[in-house]
Amino acid sequence: MRFAKRLDAVPPYLFAELERKIEERERAGIDVISLGIGDPDLPTPEPVVEALARAARNPSTHQYPSNRGTDEFRAAVADFYANRFGVDLDSETEVIPVLGGKEGVAHVALATLDPGDTALAPDPGYPPYTSGPVFSGANVHYLPLAEENGFLPDLDGAPDGQLLFINYPNNPTGATADVDFFTRAAEWARERGPIVVHDNAYSEITFDGYRAPSFLEAPGAKDVGVEIFSLSKGWNMTGWRAGWIAGNAEVVERYRHLKTNLDSGMFEAVQAAAVAALTEARDFPREMAEVYERRRDLVANALQEIGLDVSPPRATPYFWARVPEGYTSASFAELVLEQANVVVSPGNAYGPSGEGYVRLSLTVPDDQLQEAASRIKASLVILQP
Ligand SMILES: Cc1ncc(COP(=O)(O)O)c(C=O)c1O
């Protein structure tokens with residue numbers, strides 16, 4: 001058999017390798033705690049589950065959905081943007097469902113990039129910012145996110161490109177951006193031409209009273225781009241594959257055009273559940289943010305005790321920590337696995353500028369996180385002063 005070369009152009013998905021390592025140790029009877037993957041451990045809020053069950057019993061949801069989404073879904077998204085961000089969206093033309101943010105990221109790339117185009121992507125960054133463009137035959141130019149710049153890209157030093165991915169609150173660094181940064185990005189894109197795709201997977205998971213803005217709050221943002229929003233993390237809905245693209249009507253339409261040729265949209269019962277998330281469970285992400293804030297403090301304390309220099313994030317369920325002197329991302333992740341049987345993600349897996357960091361995910365139950373923290377404190381004595 002012969003297969004398409006485009007698949008060889010992207011590395012195996014990051015977590016495939018992590019999962020292999022965990023399985024290896026578990027087969028050897030070792031109890032491994034994984035802080036590798038960001039998949040919420042707690043259940044989806046009950047009103048969302050109820051709405052799905054109700055809608056699934058209604059035979060009208062059993063037929064093909066439309067790629068555009070139901071009127072109710074698009075209206076609920078527009079209401080959410082008005083109330084949460086003060087952003088006005090035309091629910092007819094400026095909103096469309098995605099089957100999770102990941103699908104949105106990859107297919108927006110396919111809808112906007114030609115072979116030979118350049119996509120600008122954050123480094124470190126979420127892996128589909130690379131695979132989407134690569135599958136489109138485009139080149140990826142990485143924009144380093146340096147700690148001394150607050151993990152924001154240097155747009156003035158960036159080359160021309162057809163597409164710019166940004167993502168705040170940021171995975172993996174946990175960094176946040178204010179509306180000023182989004183305004184600069186929108187102005188920059190207006191001058192330089194690229195379509196901006198802001199990947200907003202984490203705006204509802206924020207701590208210490210901080211409220212994250214939407215890219216669409218920036219003046220002129222809708223003229224230059226879109227925001228991809230995901231229900232996965234705020235509402236514990238990673239399994240449901242639910243989110244949307246909102247903003248520039250032409251980008252929304254091109255994405256729709258592409259998708260009508262690939263699939264037939266989001267199950268209408270899932271759309272009803274998404275409406276329930278945005279209405280009946282509107283405040284649920286606040287409860288989750290409190291859980292993650294507590295866990296963040298627990299991890300900060302454990303890392304400080306082993307002598308790491310940490311700055312706790314004010315958003316996202318991730319902790320991005322600099323590895324100690326003398327270690328690389330990989331050697332420190334290896335050390336934590338060997339000595340504490342805890343899996344952390346090596347930062348370089350998110351791009352070359354992630355070297356020197358590891359990412360710990362807070363999406364494990366409190367008792368396991370507590371146990372992981374205790375193991376790290378007890379076993380990594382080498383780092384203690
Ligand atoms: C930056 C970022 N974007 C998008 C997603 C995708 O989320 P989903 O496809 O579950 O909506 C994730 C998930 O980890 C993420 O970290």
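Positions are given from 1 along the sequence. Both counts, for ligands and for their atoms, begin at 1 and track the order of listing.
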For ligand 1, is there an atom lying under 4.0 Å from some heavy atom of Tyr350?
no

Worksheet entry | Short N or O distance, Tyr126 and ligand 1, threshold 3.5 Å exclusive | no

Under a 4.0 Å threshold between the charged nitrogen and the carboxylate oxygen, would Arg256 count as salt-bridged to Glu253? yes

Salt-bridge test for Glu94 and Lys222: reply yes if a basic N is under 4.0 Å from a carboxylate O, no otherwise. yes

Here the atoms of ligand 1 under 4.0 Å from any heavy atom belonging to Lys233 are 13 (C), 14 (O)

Gly100 heavy atoms within 4.0 Å reach ligand 1 at atoms 9 (O), 11 (O)

Measuring only between side-chain heavy atoms, which start at C-beta, is Tyr255 closer than 4.5 Å to Val98? yes

Near Arg241 (heavy-atom distance under 4.0 Å), the atoms of ligand 1 are 8 (P), 9 (O), 10 (O)

Does the ring center of Tyr350 lie less than 6.0 Å from the ring center of Tyr357?
no

Answer yes when Asp31 and Arg375 have at least one side-chain N-carboxylate O distance shorter than 4.0 Å, and no when they do not.
yes

Q) Can you check whether Tyr202 has an N/O within less than 3.5 Å of an N/O in ligand 1? A) yes

For Asn167, the atoms of ligand 1 under 4.0 Å from one of its heavy atoms are 1 (C)

Note: ligand 1 atoms sitting under 4.0 Å from heavy atoms of Gly101 are 8 (P), 9 (O), 11 (O)

On a heavy-atom basis, the closest approach of Ile195 and Val251 is CG2-CG2, 4.0 Å

Contacts satisfying side-chain hydrogen bond (donor to acceptor under 3.5 Å, both in side chains) that involve residues 209-219 (not counting sequence neighbours) are Ser214-Glu227

In terms of its nearest heavy atom to atom 2 (C) of ligand 1, the top option of Asn171, Leu99, Asp199, Thr238 is Asp199

Per-atom filter on ligand 1: closer than 4.0 angstrom to a heavy atom of Ser230 are 7 (O), 8 (P), 11 (O)

